[in-house]
Amino acid sequence: MFITEGIPSFFVTINPADIYNPVLNVVAGADIDVDNLCPHDISYDRQTRLVANNPVVPAKFFNLWVKKFISEVLAYDPEHKDLEGGILGVCKGYYGCVECQGRGTLHQHMLVWVHGALSPNKMKERISKLKDENFCEKLKAFLDDTISTHVPPLPEQFEQDTPVPSSKHHPCAVRGPSLDLPTEEYERARQADLHYLVEKCQTHEHKKTCWKHCKAGQAKSCRFGLDPSNITPETIIDMETGEITLQHLEGMINNYCEVIMESVRCNVDIKPVLSGAVAKALSFYFTDYITKSPLKAHVAYAALETAVKKMGELDLKADDKMVLKRLLQKCANAMISQQELAGPEVASHLLGLEDHFTSHTFNNLYWTSFEHAIEKQDPSPECSTKS
Ligand SMILES: [Zn+2]
């Protein structure tokens, strides 16, 4: 896709809130109206048990949520007839891989390609070579409008209004304000709702994994770059170097897009791809993720079968053979049992649901035969086995 569509414009992460989202109950068969939830429809305890006891439900919910994000928020049109586009512009392609977090929740990392977007090199040219100030203003306005980095304040005169559902319940467990409210009150309610939503979902809490790249004796710094002191009051575009530094108003608030946040009602992350280095890092990350193959049970057993056969050929005493057999059995059990798979991941696979989401179709490339063919045509000293 990098070759046919160019460099993607955004890297988006969505962590659907399976233990809160009321739609999960609908997927589980509950007869509830998600737009008019009654207090007894909301139970964190009941929903957490449901998710833990039946991994099919969070797997189906996740699949539905990501598909709706693609069709309604990105508004990707497979026929490329829709010129209005979605929240990030007219989406011309996407590629997202499904990952499983430590506690077993599925989440999605996605690259998004937008029609008409300039590559980092072209942007740099417009900024530092052509000194196009009008372009810089527009780019800055677009970035600041798309990416937010602070908790919006509660609106003034908000006390007299009808309370928004997210002020009383977890913001991921309820819908946004009613569309039936008068325009001015609706705008205030929307801001209040976003305040609660961002505060709950986007405030970063350092965990052990934040420091995993820090060396002993060095000052600790969060690998996500989040720290109360990491503040950039406004987006800076350097006219000399073409470098773009995004504004970051609150150091512990993760990047988000307001409309995406209001639509998916869960923790999100959004990063624009503004430099060639970031594009390269993302391409490496996705290729590495797609091509890494976990140890398959049948491969492990095949290897052990060969070992057992070889053992039979050895001239050993019966007792020694028994000891070796037990050792091999233990190795086999350890190899299989050490693979950690979460319930929703297994359920998703058994249900035949997508392990990645993409707008494009791909052909398989059988690497070993491909490499052999190349080697035959053009032998290289590195690959040659002849001495
Ligand atoms: Zn951190």
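Starting from 1, each residue takes its place in the sequence as its number. Counting starts at 1 for both ligands and their atoms, following the listed order.
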Greater than 12 external heavy atoms within 6.0 Å of H360's NE2: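 More than 12 within 6.0 Å, yes.
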
Neighbour count above 12 (heavy atom, 6.0 Å) for R49 CZ: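 It does not: R49 CZ has 12 such atoms or fewer within range.
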
D45-S43 side chain donor-acceptor pair, cut-off 3.5 Å: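 Not at all, the side chains of D45 and S43 share no donor-acceptor pair under 3.5 Å.
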
H109 and T13: side chain donor to acceptor below 3.5 Å: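 Yes - a donor-acceptor pair under 3.5 Å links their side chains.
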
Intermediate values then yes/no, side-chain contact (heavy atoms from CB on, under 4.5 Å), I127 and M239: CA-CA 6 Å; I127 301 165; M239 298 300 278; 3.9 Å; yes

Check: F11 and V278 side chains under 4.5 Å, non-hydrogen atoms: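 They are not in side-chain contact.
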
Closer than 2.8 Å to the Zn ion (ligand 1) - protein N, O or S atoms, ordered by chain and residue number: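 As for protein N, O or S atoms lying under 2.8 Å from the Zn ion (ligand 1), they are H204 NE2, H206 ND1, C210 SG, C222 SG.
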
